Amino acid sequence: MERRTRTGPGMDRLAARSYASSAEACRGRECTVAARDVPVTLFREIPLVPFAIEACDRTRPFARSGGELVRELVRLLDRSSWREIAPRWLHLPEDEGRTGDALARAYAEFVYFEPYVQRYLFGERGERPERAPIRLFRRDDVGAVDVAVREPGAHEPACYRFRVDRLNLYLFDTGNAMLVLELRFDPDLAKRLPAGGGGRARQTMSLALALTLHERLRRVFPPYFAPFDTIGTRVPAEEGLVAPLFPIVFRAVSGDPARSVPNFTKDEDIRAAASIAHHREHHSPPLHPTGRRFLEPLPIEGYAAGIQKIVLSQMGDDRAFALLILGVEDAHAIDRSDWVRLAMADEAGEGLPYAAGFLEDFERRHCYDRFFDAATAMRTRFLFSPYAMALVGSCAPPEKSGFDFFREVTADHGRRHYFQLALVAYFQKNALLTLSERLADALQAANGDPERFEEAAEAIENDVLRFTHRYWFEDISAQIQGQEVFDRLREMLRLRPLYDQIAREVREANQVSGAREQRELARKAARLNRTVFWGLVITAATGFLGMNVFGEEIVGRVGIVSFFLVGLFAFALFWLFWRLPIEQWLDGGCDRRERR
């Protein structure tokens, strides 16, 4: 949207002026500039898509540790376009191969965290990859993504070619994986692109389009189906229902994004009939085709061909957690309703998206305003929700010369420091959910077998103990701002209640196992007591008769052999016919005590 755009529904009397005049007029008070008239100067979208690495043999889900599952997955990655990145503090493509001053930003990111967090996130000196808590892989063959979304009030879709600045895969030895995709809006790239099929890549972006892109780009699978498609066109009844919430176009571009002609022809609709058939057969939702391409050649649940030892299983709902880094010319010009949409990752619209009473404490719960004040020059705001985080600030247009703090510093911290905060918090949530699922699967697989139950409980207890001591850190940085942002993320993800729930489940499972062990010990003690009693009776009787009652001078050698054979025959009869009744008699005292 050009800056000279002046009209649009929902605007007040300032709508007749230019955006710059409107923004200047509303500084220091509540702003009423419409989202379609707020130009975006910087846009980065970083979705984090979680997966669980699961063994295909679900009868013994606790038999293989998370580290073993990761090593199995690495063997598949070694023969693909993915390559391992070490050391992990060079996790961004622009850091690889650099030395000296060029690594100043990566160094600043490293020292931002506490030492034990540094060892977890970035590794230790001399660390062997197979023993690392995290293994990082990257693929460089996807250079861009063509995206088109519906623009409210317009006849044509808004088309963009986003640069892919990062396509990483994190593997955690808890049995979790995280796909990270970073998309960047580059106006200079759009200027050099020729017109392609379906339209021309746009060189500008409005806040309204940024909101819609933020909502659409994090969709992983269809949450529901409707009789209208991604453009908003009604689908004929005979064609059935389709998924309406995906981008009109979401297509990966290989190689150099400046050399290929964009293709914005509409993607094929994701139809309800095919999706439901997939769900009925595999009991898992269908993953978007572009998402499947990003993960090639890894086996994905519902799409793995042939016999596989492990699969990647989707976690969470249809909306992946997403980090948005957004720059506008004046952040104070954003209306409160659009702040709510930015926090909740909702598409553009008119008025408040939720009831006024529901949003009474919005600023307190969802905003971090240490550096945001309408009465001053502080114009950087953090926004949080359970499924998204946004870093929004005032940023000069890229063509404007000179140093811009938000573009050069804040946005870089967003994709480094704050990305790591989001990665750790979101990993903790998904690792806890994976532990909970493993516990449920293990206890179900035990199926009443006491030994397997104890094996399952012990394995999960070890996993939880290891998670607690290695990954469950609540203090992540000595920097006050970083710690406060991390605390907000943990609060939104409800990590503490989730951890307490998992710990309670494991504790209860161990209590059941411990109670069974106590009963077994009591039964053995009762059996021993009864056996000793009759042993004492026999000892007393033989002592009364004398210890030489079976001596050779009394019965002779033949008698001793006869006694031995008779005893052996009696023992065989006992083993064949009376063992079980005697065992029941020996256990009788313990069983009666249990019944009481």
Side-chain angles (χ1 to χ4, degrees), residues 46 48 50-51 53 65-78 80 82-140 165-182 298 323 412-431 434 463 465-479 482-483 486 489:
I46 310 177
L48 291 76
F51 295 89
I53 309 172
S65 66
E68 291 175 319
L69 297 174
V70 167
R71 287 190 288 274
E72 188 70 36
L73 202 65
V74 168
R75 282 192 281 270
L76 299 176
L77 291 171
D78 288 339
S80 69
W82 295 93
R83 58 188 180 89
E84 189 160 10
I85 304 300
R88 293 191 301 276
W89 65 286
L90 305 179
H91 63 101
L92 291 179
E94 60 262 34
D95 294 334
E96 196 170 11
R98 291 187 175 185
T99 58
D101 293 348
L103 291 176
R105 293 181 175 183
Y107 168 83
E109 176 188 359
F110 179 89
V111 300
Y112 190 79
F113 298 94
E114 296 282 7
Y116 53 86
V117 182
Q118 294 172 2
R119 292 190 290 271
Y120 163 70
L121 284 175
F122 308 117
E124 301 180 67
R125 185 176 181 179
E127 182 181 66
R128 295 169 55 188
E130 62 271 14
R131 299 183 64 87
I134 303 176
R135 300 186 71 171
L136 173 61
F137 290 80
R138 178 190 303 143
R139 61 182 303 175
D140 304 304
D165 281 352
R166 143 174 40 179
L167 182 54
N168 290 351
L169 181 66
Y170 289 83
L171 304 180
F172 303 91
D173 66 357
T174 56
N176 293 91
M178 195 85 70
L179 179 68
V180 177
L181 172 69
E182 181 175 352
L298 298 179
L323 170 61
D412 186 71
H413 285 188
R415 61 194 297 258
R416 292 180 181 272
H417 308 51
Y418 303 123
F419 163 77
Q420 299 289 0
L421 296 176
L423 178 70
V424 170
Y426 202 43
F427 155 72
Q428 288 182 344
K429 176 180 179 179
N430 288 284
T434 300
D463 285 346
L465 184 64
R466 186 161 148 275
F467 173 83
T468 300
H469 289 281
R470 193 169 190 180
Y471 309 124
W472 182 252
F473 32 78
E474 301 186 46
D475 296 325
I476 196 169
S477 174
Q479 301 293 324
Q483 185 61 50
F486 187 62
L489 283 167

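Please read all numbers here as calculations on a predicted model, not as lab measurements. One is the number of the first residue; the rest follow in order along the sequence.
- Separating the OG1 atom in T468 from the CZ atom in F473 is a distance of 12.0 Å, to the nearest 0.5 Å.
- Across Q420, Q118, H413, R415, a single residue satisfies side-chain hydrogen bond (donor to acceptor under 3.5 Å, both in side chains) together with E109, and that is Q420.
- Both tests do not hold together for R416 against Y112: distance to the six-membered ring centre under 6.0 Å, angle to the ring axis within 45°.
- To the nearest 0.5 Å, the span separating CZ on R139 from CZ on F137 amounts to 13.0 Å.
- Of the possible donor and acceptor atoms, none in the side chain of Q479 sits under 3.5 Å from a partner among the backbone N and O of F113.
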Requested in this report: Decide yes or no on salt bridge (charged side-chain N to carboxylate O under 4.0 Å, His left out) for D140 and R83, but give the supporting numbers first.
Outcome: CA-CA 9 Å; D140 304 304; R83 58 188 180 89; 2.8 Å; yes
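- Among R71, R470, R131, the single residue meeting the salt bridge (Lys or Arg N to Asp or Glu O under 4.0 Å) criterion with D173 is R470.
- Side-chain contact check for L92 versus R105: every heavy-atom pair is 4.5 Å or farther apart.
- Nearest heavy atoms, Y471 versus Q428: O-NE2, 2.8 Å.
- Between L77 and L171, the closest heavy-atom pair is CD1-CD1, 3.8 Å.
- Summarising the geometry, atom CD1 belonging to I476 is positioned 9.0 Å from atom OH belonging to Y120; distances are rounded to the nearest 0.5 Å.
- Here the side chains of V180 and F419 are in contact, with some heavy-atom distance below 4.5 Å.
- When the shell of 6.0 Å around OH of Y107 is examined, it contains 12 or fewer heavy atoms from other residues, nucleotides or ligands.
- To the nearest 0.5 Å, atom CG of residue L103 and atom CD of residue E94 are 10.5 Å apart.
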Requested in this report: Check step by step if side chain to side chain contact (heavy atoms under 4.5 Å, CB included) holds for T174 and F427.
Outcome: CA-CA 10 Å; T174 56; F427 155 72; 3.4 Å; yes
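- Taking the side chain as every heavy atom from C-beta outward, I134 and H91 never approach each other to under 4.5 Å.
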**Report entry** Derivation of the side chain to side chain contact (heavy atoms under 4.5 Å, CB included) call for R119 and E127
**Finding:** CA-CA 10 Å; R119 292 190 290 271; E127 182 181 66; over 6 Å; no
**Report entry** Steps toward side chain to side chain contact (heavy atoms under 4.5 Å, CB included) verdict (Y116, D475)
**Finding:** CA-CA 10 Å; Y116 53 86; D475 296 325; 3.6 Å; yes
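- The minimum heavy-atom distance linking W82 with N168 is given by the pair CZ3-C, 4.0 Å.
- The minimum heavy-atom distance linking L90 with R138 is given by the pair O-NH2, 3.3 Å.
- Atom OH of Y426 is separated from atom CG of N176 by 11.0 Å, given to the nearest 0.5 angstrom.
- In plain terms, the two heavy atoms of L121 and R88 that are nearest each other are O-NE, 2.9 Å.
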Report task. Applying side chain to side chain contact (heavy atoms under 4.5 Å, CB included), run through W89 and D95 and close with a yes or a no. Result -> CA-CA 9 Å; W89 65 286; D95 294 334; over 6 Å; no
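- Closest approach of R135 and E130 over heavy atoms only: NH1-CA, 3.9 Å.
- Taking CD of E72 as the start and CD1 of I53 as the end, the distance is 10.5 Å to the nearest 0.5 Å.
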